[in-house]
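Step one of this worksheet: look at the structure below.
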Amino acid sequence: MGISVSVLVFTCISIIGVSGVFLITGLTGMFSLGQASFMAVGAYTSGLLVVRFGFPFPLAAVVGVGAGVLAGLVVGIPTVRLRRDYVALVTFGFGEAIIAILNNLTQITGGAMGLVGIPPVTTLPFVGISAMLSLFIVWNFKFSRFGRQCIAVRTDELAARSMGIHADGIKLLVFLLAAGFSAYAGVLYGFYTTYVDPGLFNWTRSAEWIIMVFFGGLGSVSGAVLSAILLGTLPEVLRFASEWRILLYCIIVLAIINYRPKGLLGEREIFLSFGKGLRKGGGKP
C-alpha cells in the first residue's frame with residue numbers, strides 16, 4: 001500500500017522536530033517535555049501574523065521561529081542549571097502553561113476552537129528540503145567542537161566543567177537550537193493543515209519525539225532519522241489492520257527497546273559506516 005503525501009509531509013516535520021530533540025537528549029543528556037510548546041509558539045505566531053495582519057509567509061515564518069527561540073531563552077536560562085529530571089518537570093510545566101494561555105486568549109488565538117484560515121503554503125518538496133537542511137545542521141553540529149562538548153557534558157558534567165567546558169552555556173545553546181527546530185516544525189505544520197488548536201501541541205507529542213530518539217539510538221543522527229521515518233509511516237502501513245495497528249505498533253516498539261536497549265543504531269552512523277566500507281573496499285586490488 002502506498003504512503004500518502006500527507007504522511008510523508010508529517011514524517012518530514014517529525015524529522016525536523018526530532019533533530020532538535022536529538023541535540024537536547026541524544027547529545028547533551030537533558031530531557032525536555034516541552035518541545036511541542038515551542039512548536040505551538042511557532043505555529044500560532046506565524047499563523048496569526050498571516051491571518052490577522054497579512055504578513056507574507058517568509059517573514060511570518062522567520063518571526064515564528066524567532067518567537068520560539070525567544071521562548072526557549074526565557075525557559076532555558078533558569079532551566080539549564082537544574083538537574084536532568086528537573087529539566088523535564090520545568091519544560092512539562094511550561095508546555096501546559098502555553099496550552100492554557102492559548103485556550104484562554106479566545107479573541108486572539110480562537111481558544112479551544114483553534115486558529116483557522118491559515119493558507120496552505122507547505123508542500124512536500126519544501127518540507128523535504130527543510131528536513132534535509134535540518135539534518136545537515138545537526139550532523140555538522142554533532143561533529144563540531146560544540147558537539148564534542150555536549151557529549152562530554154552528557155557523559156560526566158562535573159568532569160566536563162573541570163576541563164573548562166562552560167556546561168551551562170553549551171546546554172543553553174542546544175536548548176535554543178532545539179526550540180528553533182521545534183518552532184520551525186510548527187510553522188510548517190500550521191501552513192500544511194491550515195488549522196491549529198492547542199490540543200495538537202500537548203506533552204505527548206514531545207514524548208513521541210523522545211521515543212523516536214531512543215528508538216533510533218541516543219548517539220546517532222542516522223538512527224533518529226530512521227526512527228522518525230519508521231515510526232512516522234508505520235501506523236499508515238498498518239492501516240490495513242486498523243483495529244490492531246496501535247497494538248502492533250506498541251509491540252514493535254517494545255521489542256526494539258527490550259532487544260536493542262541502545263536503539264537501532266546506538267552510537268553508529270549509517271553514512272560513516274558506509275564510507276568506511278568504501279574505503280576498505282577501495283584498498284583491495
Practice prompt. Mind telling me whether Phe143 and Trp139 have parallel, tilted or perpendicular rings, with 30° and 60° as the class edges?
Written response: tilted
Worksheet entry | Nearest-0.5 Å distance that lies between atom CD in Glu96 and atom OG in Ser37 | 9.5 Å
Discussion item. On a heavy-atom basis, which atom in Leu27 and which in Arg154 lie closest, and how many Å separate them?
Written reply: O-CB, 3.2 Å
Discussion item. Under the criterion side-chain contact (heavy atoms from CB on, under 4.5 Å), I'd like the reasoning laid out for Val174 against Cys150: C-alpha separation, chi angles, the key distance, then a yes or no.
Written reply: CA-CA 8 Å; Val174 167; Cys150 288; 3.4 Å; yes
Worksheet, complete the sentence: When every non-hydrogen atom of Gly64 is compared with those of Ala183, the smallest separation belongs to O-CB, 3.9 Å
Item to complete: Give a yes or no on whether the backbone of Leu102 and the side-chain of Thr109 come within a donor-acceptor separation of less than 3.5 Å.
Response: yes
Fill in: Heavy-atom check, side chain of Val21 versus side chain of Met212, under 4.5 Å
no
Practice prompt. State, yes or no, whether a side-chain contact exists between Leu177 and Phe141 at a heavy-atom distance under 4.5 Å.
Written response: yes
Worksheet item: Does any N or O in the side chain of Gln35 come within less than 3.5 Å of the main-chain N or O of Ser206, such that one atom is a donor and the other an acceptor?
Response: no
Discussion item. If the condition is salt bridge (charged side-chain N to carboxylate O under 4.0 Å, His left out), which residues does Arg205 pass it with, not counting sequence neighbours?
Written reply: none
Worksheet entry | Shortest non-hydrogen separation from Gly180 to Val69 and the atoms involved | CA-CG2, 3.7 Å
Practice prompt. Can you measure from CD1 (Ile151) to CG (Asp156) and round to the nearest 0.5 angstrom?
Written response: 14.0 Å
Worksheet entry | Asn258 side chain vs Ala255 backbone, donor-acceptor pair below 3.5 Å | no
Discussion item. side-chain contact (heavy atoms from CB on, under 4.5 Å), that's the test. Do Phe22 and Phe181 meet it? Break it down for me.
Written reply: CA-CA 11 Å; Phe22 172 79; Phe181 279 119; over 6 Å; no
Worksheet entry | Tyr195 to Gly114 - nearest heavy-atom pair and separation | CE1-CA, 3.8 Å
Fill in: Leu173 vs Ile170, side-chain contact (heavy atoms from CB on, under 4.5 Å): CA-CA, chis, key distance, verdict
CA-CA 5 Å; Leu173 173 62; Ile170 196 67; 4.1 Å; yes
Worksheet item: Which class fits the ring pair Phe10 and Tyr189: parallel under 30°, tilted 30 to 60°, perpendicular over 60°?
Response: tilted
Worksheet item: Do the non-hydrogen side-chain atoms of Leu115 and Ile118 ever get within less than 4.5 Å of each other?
Response: yes
Worksheet item: Leu200 and Val116: same hydrophobic cluster, using ILVMFWY side-chain contacts below 4.5 Å?
Response: no
Fill in: Minimum side-chain heavy-atom gap Val50-Pro119 below 4.5 Å
yes
Discussion item. For Val187, is there any backbone N or O sitting under 3.5 Å from a side-chain donor or acceptor partner on Ser46?
Written reply: no
Worksheet item: Do you know which two heavy atoms are closest between Val51 and Gly117, and how far apart they sit?
Response: CG2-O, 3.7 Å
Worksheet item: Can Ile210 be reached from Met30 by stepping across I, L, V, M, F, W or Y side chains whose heavy atoms are under 4.5 Å apart?
Response: yes
Worksheet entry | For Gly17 against Ala185, the heavy-atom pair lying closest together | N-CB, 4.3 Å
Discussion item. When you group the ILVMFWY residues by side-chain heavy-atom contacts below 4.5 Å and let the links chain together, are Tyr192 and Leu133 in the same group?
Written reply: yes
Worksheet entry | Single-linkage hydrophobic cluster Leu49~Leu59, side-chain heavy atoms < 4.5 angstrom | yes
Practice prompt. Apply side-chain contact (heavy atoms from CB on, under 4.5 Å) to Ile77 and Val80, showing your working.
Written response: CA-CA 6 Å; Ile77 289 178; Val80 295; over 6 Å; no
Fill in: Same apolar cluster: Phe146 and Ile137, side chain cutoff 4.5 Å
yes
Discussion item. Can you tell me how far apart OG1 (Thr204) and CH2 (Trp209) are? Round to the nearest 0.5 Å.
Written reply: 11.0 Å
Discussion item. If you define the side chain from C-beta out and look only at heavy atoms, does anything of Phe215 sit under 4.5 Å from Val18?
Written reply: no
Response to the item:
Output for pair (Ile24 CD1, Ser19 OG), nearest 0.5 Å, gives 12.0 Å
Discussion item. Using modelled atom types and a 3.5 Å cut-off, is there a donor and acceptor pairing between side-chain atoms of Ser220 and backbone atoms of Gly217?
Written reply: no
Worksheet entry | Note, Ser32 side chain near Thr25 side chain (heavy atom, < 4.5 Å) | no
Worksheet item: For the side chain of Thr91 and the backbone of Leu33, is there at least one donor-acceptor N/O pair under 3.5 Å apart?
Response: yes
Worksheet item: Just checking, any donor-acceptor pair under 3.5 angstrom between side chains of Ser130 and Tyr184?
Response: yes
Worksheet item: Do the side chains of Met39 and Ile13 get nearer than 4.5 Å, heavy atoms only?
Response: yes
Worksheet, complete the sentence: Taken to the nearest 0.5 Å, the spacing of Ile16 CD1 from Met132 CE works out to 10.5 Å
Discussion item. I'd like to know if Asp168 and Arg161 make a salt bridge, using a cut-off of under 4.0 Å between side-chain N and carboxylate O.
Written reply: yes
Discussion item. Under a 3.5 Å distance rule, please check whether Ser227 uses its side chain to pair with a backbone N or O of Gly223 as donor and acceptor.
Written reply: no
Practice prompt. Would you mind reporting whether Val75 and Phe175 have side-chain heavy atoms less than 4.5 Å apart?
Written response: yes
Worksheet item: Between Tyr44 and Phe201, how do the two ring planes meet: parallel, tilted or perpendicular, split at 30° and 60°?
Response: perpendicular
Item to complete: Nearest 0.5 Å please: distance from the CG atom of Leu176 over to the NZ atom of Lys171.
Response: 13.5 Å
